[in-house]
Every structure is written in structure tokens, then in C-alpha cells.
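Report on the following structure.
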Amino acid sequence: MCGIIGIVSQTEVNQSIYDGLTVLQHRGQDAAGIVTSDSDGKFCLRKDNGLVKDVFHTRHMLRLKGTMGIGHIRYPTAGCSTSAEAQPFYVNSPFGIALAHNGNLTNAKLLREELFQSDRRHLNTDSDSEVLLNVLAHELQKTTKLKPEAEDVFKAVSQLHRRCKGAYAVVAMIAGVGVLAFRDPYGIRPVVIGKRETKKGNDYIIASESVAVDSLGFTLLRDLAPGECVFIDMAGNLNSQQCAENPVLSPCMFEYVYFARPDSIMDGISVHKSRMRMGDKLAQKIKREYPDHDIDVVMPIPDTSRSSAVQLAEVLGVAYREGFIKNRYIGRTFIMPGQKQRKKSVRQKLNPIGLEFEGKNVLLVDDSIVRGTTSQQIVQMARDAGARKVYFASAAPPVRYPNVYGIDMPSAEEFVAHDRDVEKIRQELGADWLIYQDLDDLELAVNKHNDVTRFDMSCFNGKYVTGDIDQNYLDFIDSLRNDGSKSESEKDSSVMELHNDT
């Protein structure tokens with residue numbers, strides 16, 4: 001899972017992109033990058049491993065000149081964490097193109113072979129984002145114009161949709177021409193567009209979440225439709241076109257469960273409201289299964305489950321308390337690259353307030369349970385803090401299947417729910433009882449107004465919306481993603497500025 005942003009403005013964009021990336025920091029903590037373009041068509045790129053605040057210093061910001069640019073926040077979905085795969089990526093032919101991507105190509109291996117054998121293009125990393133960039137570059141190269149226009153961009157993206165499979169939300173920039181963005185034909189990964197009117201003309205922003213649009217003073221226009229491409233030239237003219245043959249909106253359910261910020265709106269759905277409804281549905285299930293429950297207090301495991309926990313407590317008529325204090329300087333444990341690091345970070349990240357636990361029957365609420373590492377430790381922390389009984393509730397159903405569309409859900413054998421029923425999971429976590437959200441209730445909670453015809457819920461039900469996933473692919477992705485295959489070492493990274501080094 002990553003975050004993308006692109007801005008075309010009448011003024012310098014470096015600070016706005018930086019600010020937007022900080023707002024999207026929750027989508028990835030592994031690496032960050034910005035590339036801008038000035039009126040002469042020159043690119044300036046800065047990217048490196050680390051948080052936004054650590055990657056960009058004053059000397060870098062001064063060099064990121066230009067009125068249009070794109071940015072990226074990364075966390076790795078496979079392999080090791082290296083600065084070589086930090087984005088945006090860049091190719092100089094044709095025209096000069098930079099690209100940032102959120103998602104995962106399911107046919108990346110085949111495309112790499114095609115790019116080498118047929119397109120005569122060289123790839124320098126294992127990233128499927130570099131694959132996307134080179135496919136786009138190859139299709140744009142077919143135009144005979146000195147500078148591509150909107151119709152050329154749309155034709156290239158149409159061909160890209162025919163070649164690329166999987167999930168992808170993309171923002172790209174053509175030197176001296178403009179910024180384009182497009183979404184895969186299923187709309188699995190999110191991307192929105194916003195507008196800001198100024199005295200000099202219109203500014204446009206493209207971002208993974210609406211919260212970045214809001215925070216920078218833009219007005220949210222809409223989500224990009226599945227298969228749609230938008231193109232904004234340097235003068236601020238916006239063009240859009242549907243470029244896919246059979247688009248079907250199928251957004252990722254896990255965005256609403258965990259990844260997105262609660263103050264975002266995705267495909268017309270409020271993340272905060274959907275999580276509140278998850279709490280409501282979960283409370284109703286607790287009433288059915290434990291009508292005589294003895295819960296004294298409901299506590300969220302901060303921060304993602306807070307909206308669900310508040311509503312759950314209200315429906316149950318039980319006190320709501322904040323029992324864990326979160327260290328804001330520790331990253332999200334779900335997206336940390338290795339099991340050892342995740343285990344170490346849980347107790348660094350959360351600290352219990354003993355007086356809220358002592359002698360009480362506590363219901364802990366989390367957004368989901370994936371590996372179970374965090375949940376197991378938190379249950380024990382609650383007991384150590386004096387809780388008489390510890391109950392555990394998940395606002396999402398059991399995660400039993402790998403996600404192949406850009407979320408680093410590990411090998412199926414690493415899921416705590418793998419080959420275990422709820423009772424065995426409870427025993428593994430050490431809770432007094434455990435309750436999961438039902439899948440139908442989760443869908444109803446997110447899609448209350450039935451505006452979306454279907455969601456990608458593959459990590460819960462094993463049904464992959466793109467229809468091209470078989471066991472061979474799952475075995476392949478397993479070999480890349482399981483913790484045993486990941487290296488926690490990071491290569492030393494160097495500054496990567498295309499026309500100046502520091």
C-alpha cells in the first residue's frame with residue numbers, strides 16, 4: 001500500500017506536495033519521493049528511504065523547482081526495503097516521464113519479459129511500478145508528435161489497460177507537458193481529484209485520499225472512475241476520458257477497515273461513518289451471542305478502531321475508555337517489513353493505563369486481526385495491567401487469504417486464522433472470548449446506500465475480482481511475501497537528484 005499525489009499549479013508546488021505527503025504518511029513509512037518540472041521541462045527528483053520529514057530537507061526543497069510535480073509514499077509489498085525502489089521512477093524516452101504508483105500488477109513477470117523481448121526496454125529494479133512506467137512510455141512513443149496531447153495520452157492509457165492486469169492507481173508527469181492520472185478498470189486502489197481556483201487560474205490536485213485534497217485547501221471534485229484517465233496540461237486545462245473496455249467499480253474493502261484515514265471519503269463513502277457502522281453491527285452480534293455479557297468497559301486499540309469502538313460501546317450501553325496510550329513516534333506495525341520488528345514495536349507503541357484495567361472485564365476492539373502478533377501481546381498487556389477478564393472483538397472478519405492487489409498481507413500460513421476456527425484463534429491470542437464481524441455485516445456497514453455494486457474482499461473470502469489469480473500465482477507471491485524471505489537490512493541510499501547532487 002502506498003500513497004500518491006500530483007499537483008498542477010500556477011505557482012511553485014514543492015511545499016504543497018510535501019505537505020500532502022505528510023498527510024498521506026499513514027499509507028507508507030518506508031520511503032518518500034518528489035519530482036517536479038519547471039517551465040524548461042527539466043525534472044528534479046529527490047527520493048530516499050524514510051519518513052517525509054526525514055527525506056526532505058531545506059536544501060532539497062529549494063531545488064524542487066516547478067509548477068507541477070508528483071510525489072509518492074511507499075511501503076514494500078514484497079522483498080526487501082531498499083532506496084533503489086523508492087518512487088517516483090523516471091525514463092527519459094519519450095519526452096521524459098516520471099511515474100508513481102499504488103497497487104500491484106498481477107502479470108508483472110510476463111510484462112517484464114515483453115518489455116525486454118518486444119519493447120526493447122531495460123528495467124533496473126524489481127518494482128512493478130517501473131514496469132508500469134515503461135509500458136506507458138512504450139505506448140506514448142507511438143505518437144509522431146513532438147509533444148503529446150490529451151488524445152495521445154488517452155490512447156496510450158487505453159493500450160496500457162489492455163496489457164496490465166491487477167490493481168493500480170497512477171499519477172505521472174510528462175516533462176513540459178502536464179500531469180496525468182489513471183485507475184485500473186476495477187478501481188481497486190483509491191484516487192481522487194480536487195480543484196482550487198486562483199487569480200492566476202485553476203490549480204488541480206490528484207491524491208490517494210480526499211484528506212490530502214482538504215488539507216491543502218482544494219475542493220474535492222470526485223473520485224476517478226475505474227479505467228478513467230485525467231490529463232491536466234501546464235496551463236491548467238483538464239481533460240478526462242474512460243479508457244477501459246469493461247470497467248467495474250470494485251474498491252478494496254481493507255481501505256475502509258484499516259488503511260484509509262477516518263476523515264477521508266472514498267468512492268462516495270465516509271470512512272469514519274463506515275467504521276461507526278462496523279461497530280454497530282459488531283455490537284448487535286455480541287448481543288446475539290453473549291446476551292448476558294459482563295463487559296465493564298470497551299477500549300479501542302488505537303487508532304484505526306476508535307470509530308468502531310465508540311459506536312459499539314454506545315450500542316451495548318457500556319462505558320468507553322481509552323486504556324492504551326500510543327507513542328506517536330512509532331510507525332504502524334502492520335506495515336513494518338519483518339516479524340521481529342513488528343514484535344518489538346508493539347510494546348514500544350502502546351502503553352496501558354493501569355487504573356482503567358484493574359479489576360475490570362475489558363472488551364478490546366481492533367480493526368482486524370492478521371498475523372495475531374499484535375493482538376496476542378495486547379491481550380497479555382491488558383492482563384498484566386490488572387484486567388480480570390479480557391475479551392477481544394475484530395471489526396473485520398477473519399483474514400484467511402493473501403491480498404494480491406498491493407497490501408502486504410503475508411503468506412497464508414502466517415495468518416493467525418489459517419487452518420484455525422474462532423475457538424483456536426481465541427486460544428492463540430489468549431483472550432477469554434473472541435468475536436469477529438460477519439462478512440455480510442461488514443459489506444452492509446461500508447455500503448449502506450448501495451452505491452458500489454461490489455468490493456474486493458479477497459482477503460476475507462478468497463474471491464479475486466480481476467479473475468486472473470490461480471494457485472500458481474498465490475504460491476509465487478507467497479515466496480516473495482512471507483517473513484522468511486524478507487530481509488530487514490537496508491542498503492545505504494544516496495541522494496538522487498537528476499541535475500544536482502548533495
Describe, in one word, how the ring planes of Tyr18 and Phe56 are oriented to each other, choosing from parallel (under 30°), tilted (30 to 60°) and perpendicular (over 60°).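 The rings of Tyr18 and Phe56 stand perpendicular, inter-plane angle above 60°.
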Among side-chain atoms of [X] and [Y], is any donor-acceptor pair under 3.5 angstrom?
| X | Y | value |
| --- | --- | --- |
| Thr125 | Glu85 | no |
| Gln29 | Gln25 | no |
| Thr106 | Asp468 | yes |
| Asp294 | Tyr391 | yes |
| Ser308 | Arg275 | no |

Under a 4.0 Å N-O cut-off, is there an ion pair linking [X] with [Y]?
| X | Y | value |
| --- | --- | --- |
| Arg222 | Glu228 | yes |
| Arg277 | Asp280 | no |
| Lys360 | Glu356 | yes |
| Arg189 | Glu255 | yes |
| Glu428 | Arg420 | yes |
| Asp296 | Arg388 | yes |

List the atom of Ile7, the atom of Ser16, and the distance in Å for their closest heavy-atom pair.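 For Ile7 and Ser16, the tightest heavy-atom pair comes out as CD1-CB, 3.6 Å.
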Is any side-chain heavy atom of [Y] closer than 4.5 Å to one of [X]?
| X | Y | answer |
| --- | --- | --- |
| Val271 | Arg261 | no |
| Gln284 | Arg288 | yes |
| Thr466 | Tyr186 | yes |
| Cys459 | Phe254 | yes |
| His101 | Gln87 | yes |

side-chain contact (heavy atoms from CB on, under 4.5 Å) partner of Val192, the single match among Ile205, Ile206, Asp267, Asp223: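 Considering Ile205, Ile206, Asp267, Asp223, a side-chain contact (heavy atoms from CB on, under 4.5 Å) with Val192 is found only for Asp223.
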Is a donor on one side and an acceptor on the other found under 3.5 Å between the side chain of [X] and the backbone of [Y]?
| X | Y | answer |
| --- | --- | --- |
| Arg183 | Leu224 | yes |
| Ser479 | Phe476 | yes |
| Ser305 | Pro300 | no |
| Asn107 | Leu111 | no |
| Asp438 | Asp441 | no |
| Ser375 | Gly372 | no |

Applying ring pair (Phe, Tyr, Trp, His ring centres under 6.0 Å), which residue pairs with at least one partner in residues 295-325 are found, sequence neighbours left out?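 Residue pairs passing ring pair (Phe, Tyr, Trp, His ring centres under 6.0 Å), neighbours aside: Phe324-Phe357.
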Sequence neighbours excluded, which residues qualify as salt bridge (charged side-chain N to carboxylate O under 4.0 Å, His left out) partners of Lys463?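 Expected list: none.
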Does the structure place the NZ or CZ of Lys195 under 6.0 Å from the centre of the six-membered ring of Phe218, at an angle of no more than 45° from the ring's axis?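 Output no; distance or angle outside limits.
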Centroid separation His161 to Tyr168 less than 6.0 Å: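 Yes, close enough.
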